[in-house]
S.K.: 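Sending over a structure as structure tokens; questions will come in a sec.
Heads up: numbering here begins at 1 and tracks the sequence.
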Amino acid sequence: MTQTPQPQPAPARAGSPKAAHPGRVAVDLTPTRTVPRGFGRIPVTKVSPVIEGGAYPAKAVVGEAVPIRAKVFREGHDAVNASVVLTDPDGNETRHPMKPVAPRGLDPWEAWVRFDTEGPWTFRVEGWSDPWGTWLHNAETKLPAGVDVELVCLEGRDLMERTARAAEQAGEPVEASILRATAQLMIPQRPVADLLDVAAGSGLARAMELHGPRELVSPTADFPVFVDRKRALFSSWYEFFPRSEGATWDADSGTWTSGTFDSCHARLEEIAAMGFDVVYFPPIHPIGEAFRKGRNNTLEPTDVDPGSPWAVGGAAGGHDAIHPDLGDFESFDRLVAKANELGLEIALDFALQASPDHPWVTEHPEWFTTRLDGTIAYAENPPKKYQDIYPINFDNDPEGIYNEVLRILKLWMGHGVRIFRVDNPHTKPVEFWGWVFEQIRATDPDVLFFAEAFTKPEMMHALGKVGFHMSYTYFTWRVTKEELEEYLGELSRDMDAFYRPNFFVNTPDINPFHLQTGNPAIFAIRAILAATLSPSWGVYSGFELFEHAALAPGREEYLDSEKFEYRPRDYAAEPNLNMLLGTLNAIRRAHPALQQLRQIDFHFAPHERLLVFSKTDGDDRVIVLVSLDPDNTVESEVQLDLTTLGLAADAPLRVRDELTGATFTWGARNYVRLTPAQPAHILAVL
């Protein structure tokens, strides 16, 4: 008889009959990584990015600039230094110098590094005693005061000779020659200014950085980083319901004909033309009949109501089946192939729940919660009730559930799905997701998971830490200047190592209050904010047509929600935002600065409804100015901190507005006028 797996001790699972069965995976939830404690000879502390003490890898993508930070210090007054050592998936090590950053008195050190291949990396920080730094500080202090001049010169020559020998051993004879020649210039009889010029020379500093002595090297533990493909960070998402695409209403018979996978091909072409690269489908599985919801979530459906796709499972099957109205696996494969042809990826909704008609309900009743009255508990999020959905109980048969989930995911992966948008992951155990990601990453590290979790911050953080590649956010409810600046500060600096945001402007579940006016300007403003603030963003179909009618006053739900009915659309109807969406995606693709999260800075504008920020990546610099007022003209001075762009504080700027093509010459202080018809500038620094 199969034993019920327990979180501990996990090794006992290997002997269970189900674990030994071909194709099944033993469920092991035992943490495997421990981090040594204690300080080394040169103390190194507060290392980041380190997730839960190193239990989970920090996040990065290929080519992304990632900050490694630590506090490094020692007793007394001798200088310390620090390096980052990266180890790639093949075990090759590279060393990168760290630099002290402000405020210097608090001992912060930092290095920005880039990972060039996908896979599991590690990093460690090495603190070390720096004889050259100690000598240089002494020289700059003592020589002008005439203190120990002869000894300072003698110590300097000795350091340069030692470094020259190290350069020779490293195969750098030219560097060695330069060092020896420089050493001969450290003569006590020379003017102090000349000696200081020699000591401060950039060539000497570089030689010392490469070959200078590193004493009392004190390494930290190796901490994990997993480097994903770029789409884990940078992507533009478009959501639509396949059943609505090509759906038709027959007035004579009073019946709907559903759209199919094959009728979606033309829409894929239109989405690709707007520059989106991920197309997300709600669940495509059979839908239950029991407690089926009707229009606007009514409990009394008609015969023509198709039901909510999230009520997964019916007579035609469950999560491993396709709704018969949509097609079959062959037509699904054709759709995936068409998407790939256009440079698109299909993201499939993974809703781990069941309708009362799902095969699991009869085959595995232990996977659900039975209440005292003998009924199975349906899903609730008071005051909302989902009578057509049964949540899974993971505590009754975790091994059975875990392996069934893995089987289903691999089934769809076998049909070309490499991205899953996970519905309500916060209602499942966090350790379960950790196990799933460990299994998938071992065989298919390119598969990405997107968490749909609008819940408490700690749960959202935990889901990111345990392995979700990207997540929904609170962006929908951040509307004021203060709210946006504060939230982006959290995302880009406090959460960047474990949480990748996706700024969806709307969803089938969320009709934001600010869109319910229907004013086209607010739709444009929110699209511009989402596309420029976050490297990943998305829209749900109908947004570009300014759909905004609410179910009722005070409700953030759509009237005639597509969750419960067919909604075919004329996407070419005027007015629309098609051109703006395409322009935003083109701008994003042209600018690496907009493809990353970590390097964002906000600038001062006294007007409370003008948001100004810049993003940088290497030499690419973009300044974004967005009006937050869809009804009125906004005029304001803007004060740019050009040092955040790597420029002199008074440098003139030649900029091009990527929305209009106009060019301007700007400086640190500028005047801006934005209108509802033109609510933003996206300025590329030329």
S.K.: Hey, could you give me the CZ/CG distance between F276 and L584, rounded to the nearest 0.5 Å?
M.R.: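 The CG atom of L584 is 8.5 Å from CZ of F276, to the nearest 0.5 Å.
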S.K.: What pairs meet the side-chain hydrogen bond (donor to acceptor under 3.5 Å, both in side chains) rule with one or both residues in residues 58-70, with sequence neighbours excluded?
M.R.: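 For residues 58-70, and leaving out neighbouring residues, the side-chain hydrogen bond (donor to acceptor under 3.5 Å, both in side chains) pairs sorted by first residue read E64-R598, R69-E110.
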S.K.: Run the ring pair (Phe, Tyr, Trp, His ring centres under 6.0 Å) test against F450 and tell me which residues pass, sequence neighbours left out.
M.R.: W237, Y472
S.K.: Can we say R418 and D446 salt-bridge, meaning some charged N sits less than 4.0 Å from an Asp/Glu carboxylate O?
M.R.: yes
S.K.: Sequence neighbours left out, what pairs pass side-chain hydrogen bond (donor to acceptor under 3.5 Å, both in side chains) with at least one residue falling in residues 195-217?
M.R.: K99-E209, E126-R214, R162-E215
S.K.: Measure across L195 and L185 and return the closest heavy-atom pair with its distance rounded to 0.1 Å.
M.R.: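 For L195 versus L185, the nearest heavy atoms are CD2-O, 3.7 Å.
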S.K.: For R500, enumerate each residue passing the salt bridge (Lys or Arg N to Asp or Glu O under 4.0 Å) test, keeping only those at least two apart in sequence or located in another chain.
M.R.: D228
S.K.: Can you run down the ring pair (Phe, Tyr, Trp, His ring centres under 6.0 Å) pairs that involve residues 75-115, sequence neighbours left out, and say none if there aren't any?
M.R.: F115-W121
S.K.: Any salt bridge (Lys or Arg N to Asp or Glu O under 4.0 Å) involving residues 168-177? Give me the pairs, sequence neighbours left out, ordered by first then second residue.
M.R.: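 Those involving residues 168-177 are E168-R180.
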S.K.: Mind jotting down which residue pairs meet the salt bridge (Lys or Arg N to Asp or Glu O under 4.0 Å) criterion with at least one end in residues 185-195? Sequence neighbours excluded, please.
M.R.: R190-D194
S.K.: Sequence neighbours excluded, which residues qualify as salt bridge (Lys or Arg N to Asp or Glu O under 4.0 Å) partners of D116?
M.R.: none
S.K.: List for me each residue that meets side chain to side chain donor-acceptor pair (under 3.5 Å) alongside S218, sequence neighbours excluded, and say none if there are none.
M.R.: none
S.K.: Scan residues 466-494 for pairs that pass salt bridge (Lys or Arg N to Asp or Glu O under 4.0 Å), counting only residues two or more places apart or in two chains.
M.R.: R493-D601
S.K.: How many angstroms lie between atom OG of S129 and atom CG of N81, to the nearest 0.5 angstrom?
M.R.: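 Here the rounded value is 9.5 Å.
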S.K.: Tell me whether the rings of F437 and F468 are parallel (<30°), tilted (30 to 60°) or perpendicular (>60°).
M.R.: perpendicular
S.K.: Restricting to salt bridge (Lys or Arg N to Asp or Glu O under 4.0 Å), what partner residues turn up for D130, sequence neighbours left out?
M.R.: none
S.K.: Checking R124 against F223: charged group under 6.0 Å from the ring centre and within 45 degrees of the axis?
M.R.: no
S.K.: Excluding sequence neighbours, so at least two apart, what forms ring pair (Phe, Tyr, Trp, His ring centres under 6.0 Å) with H137?
M.R.: none
S.K.: Distance under 6.0 Å and angle within 45° of the ring axis: does K465 meet both against F498?
M.R.: yes
